[in-house]
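Only one structure is covered here, and it is reproduced in the block below.
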Amino acid sequence: MSSCVKPLVQSNEPPIVLLHGFDSSCLEWRYGYPLLEEAGFETWAVDILGWGFCDLENLPPCDVVSKRNHFYQFWKSYIRRPMILVGPSLGSAVAIDFAVNYPEAVEKLILIDASVYAEGTGNLATLPRSIAYAGVNLLKSLPLRLYANYLTFTNMSLGTILDGTNVGRLHCLLPWWDDATVDFMTSGGYKIAPLIRKLTTLPSTINKAYPVGIPSVALGHRDSDIPTVKQKTLIIWGENDRIVSNKLAVVIGLNPVSLEEDRNNVAAVA
């Protein structure tokens with residue numbers, strides 16, 4: 001069963017669909033979502049299979065293909081028209097993977113602090129399952145989550161960081177979270193770097209989308225059998241990002257992830 005935040009506003013314009021980052025949930029958008037609705041956008045915030053609050057009592061596979069197919073079935077059942085797909089961090093990889101495989105479902109892409117150059121989960125995919133389970137237990141621990149939030153945000157009070165930590169790990173307390181996370185980790189994860197190997201002539205301002213999407217030449221590929229992103233794509237990055245280097249993108253002056261500190265800026269861009 002899928003979990004999401006459904007829109008209160010209905011519009012004839014393409015809906016905005018908000019994904020989340022690695023091992024997060026739709027609550028990542030708890031500050032930005034209301035601003036988008038106040039601006040009149042039909043907005044969905046969707047949990048990716050295996051993360052968030054999806055009901056996984058009968059645990060399905062949670063690899064990339066399963067996540068993609070699950071999201072497509074959600075789109076086909078409820079949204080049913082081309083959307084503006086927004087992906088922060090690893091959600092950018094999810095968005096690109098989906099747009100390449102189901103181009104008819106995506107009109108435009110917005111990528112925020114895109115984590116797309118890692119070649120999947122790397123050596124983590126070969127870990128013995130007992131060690132993988134130990135690793136995911138560390139992943140959901142309060143100290144590690146608190147440190148990750150400290151890295152993510154600047155000039156935030158300890159109370160705000162603690163609140164973000166508690167909200168960010170809430171879904172980890174679901175009984176199937178460990179199994180779903182290990183399944184994703186050992187499956188190899190997202191490997192989309194070949195699709196975006198070399199981005200060129202990106203916009204230098206925050207309010208312009210790359211006019212022709214991400215073409216094969218910009219991706220560093222000319223192979224006819226490699227699909228490319230056809231949609232117009234806006235890339236947003238924070239110059240203070242201490243998790244994913246902003247040197248991979250143009251600098252626009254936002255902080256990492258940009259969903260709490262810079263919610264007004266991100267909503268304005270969308």
Side-chain angles (χ1 to χ4, degrees), residues 2-5 14-33 36 41 43-52 54 62 64-72 74-75 79 82-103 105-118 120 152 168 184 189-193 195-196 199 202-203 206 209-210 213-214 219 227-238 241 243-244 246 248-250 252 254-260 262-263 265-267 269-270:
S2 302
S3 55
C4 69
V5 179
I16 295 176
V17 179
L18 308 172
L19 302 177
H20 55 75
F22 170 72
D23 188 33
S24 186
S25 74
C26 57
L27 295 181
E28 190 170 304
W29 291 97
R30 63 193 180 278
Y31 294 117
Y33 186 96
L36 291 169
F41 294 106
T43 308
W44 299 73
V46 180
D47 282 335
I48 300 165
L49 178 71
W51 298 319
C54 298
C62 292
V64 169
V65 173
S66 299
K67 291 179 187 294
R68 181 197 309 143
N69 291 341
H70 178 265
F71 184 37
Y72 177 72
F74 178 90
W75 174 84
I79 300 175
M83 58 188 167
I84 299 173
L85 188 57
V86 182
S89 191
L90 188 68
S92 294
V94 178
I96 291 171
D97 173 79
F98 186 83
V100 165
N101 285 278
Y102 297 108
V106 181
E107 179 167 307
K108 297 178 182 178
L109 287 170
I110 300 177
L111 311 180
I112 304 173
D113 285 346
S115 178
V116 293
Y117 283 92
T152 299
F184 172 74
Y190 284 90
K191 301 176 182 179
I192 64 166
L195 298 179
I196 51 172
L199 294 175
L202 290 173
I206 192 172
Y210 191 40
I214 306 178
L219 298 174
T228 59
V229 177
K230 306 296 184 183
Q231 295 83 355
K232 291 183 179 180
T233 302
L234 173 66
I235 298 175
I236 306 173
W237 219 293
D241 195 329
I243 296 177
V244 181
N246 62 56
L248 299 176
V250 294
I252 57 176
L254 299 181
N255 285 308
V257 182
S258 308
L259 306 185
E260 294 196 31
D262 298 287
R263 51 188 177 271
N265 288 332
V266 173
V269 169

M83 side chain reached by V106 side chain, heavy atoms, under 4.5 Å: yes

Looking at residues at least two apart in the chain, or sitting in another chain, which of them share a side chain to side chain donor-acceptor pair (under 3.5 Å) with Y72? none

Step-by-step side chain to side chain contact (heavy atoms under 4.5 Å, CB included) determination, V229 to V100: CA-CA 6 Å; V229 177; V100 165; 3.8 Å; yes

Shortest non-hydrogen contact from W51 toward G21: CE3-O, 4.4 Å

Of the non-hydrogen atoms in P82 and W75, which two are nearest, and what is the gap between them? N-CZ2, 4.3 Å

Taken in chain and number order and not counting sequence neighbours, the residues that satisfy side-chain contact (heavy atoms from CB on, under 4.5 Å) with C26 are V5, A45, D47

For S24, the side-chain contact (heavy atoms from CB on, under 4.5 Å) test, sequence neighbours excluded, returns H20, E28

Could you tell me which residues satisfy ring-ring contact (aromatic ring centres under 6.0 Å, His included) with F74, sequence neighbours excluded, listed by chain and number? W44, Y78

Is the shortest side-chain heavy-atom distance between H70 and C62 below 4.5 Å? no

Rounded to the nearest 0.5 angstrom, the CG-CZ distance for L36 and F41 is 7.0 Å

Rounded to the nearest 0.5 Å, how far apart are CD1 of I48 and CZ of R68? 13.0 Å

Gap separating the CG atom of L111 from the CG atom of L85, nearest 0.5 angstrom: 8.5 Å

Hits for side-chain contact (heavy atoms from CB on, under 4.5 Å) against P14, two or more places apart or cross-chain, chain-then-number order -> I84, E107

Is the shortest side-chain heavy-atom distance between V86 and I112 below 4.5 Å? yes

A side-chain contact here means heavy atoms from C-beta on lying under 4.5 Å apart; do D113 and I236 qualify? no

Where is the tightest heavy-atom contact between S25 and G52, given as atom of each residue plus distance? CB-CA, 3.5 Å

Could I get the full list of side-chain contact (heavy atoms from CB on, under 4.5 Å) partners for A93, not counting sequence neighbours? L90, V116, Y190, I192

Here the gap from Q231 atom CD to K108 atom NZ, rounded to the nearest 0.5 Å, amounts to 11.5 Å

Reported OG1-to-CG distance for the pair T43 and L18, which is rounded to 0.5 angstrom: 6.0 Å

How long is the gap from CG on L49 to CZ on F184, to the nearest 0.5 Å? 11.0 Å

Sorted by first residue and then second, give each salt bridge (Lys or Arg N to Asp or Glu O under 4.0 Å) pair with at least one member in residues 17-27; sequence neighbours left out. D23-R145

Considering all heavy atoms, the nearest C54-S2 contact: SG-CA, 4.2 Å

F98: partners by ring-ring contact (aromatic ring centres under 6.0 Å, His included), with sequence neighbours left out: F71, Y102

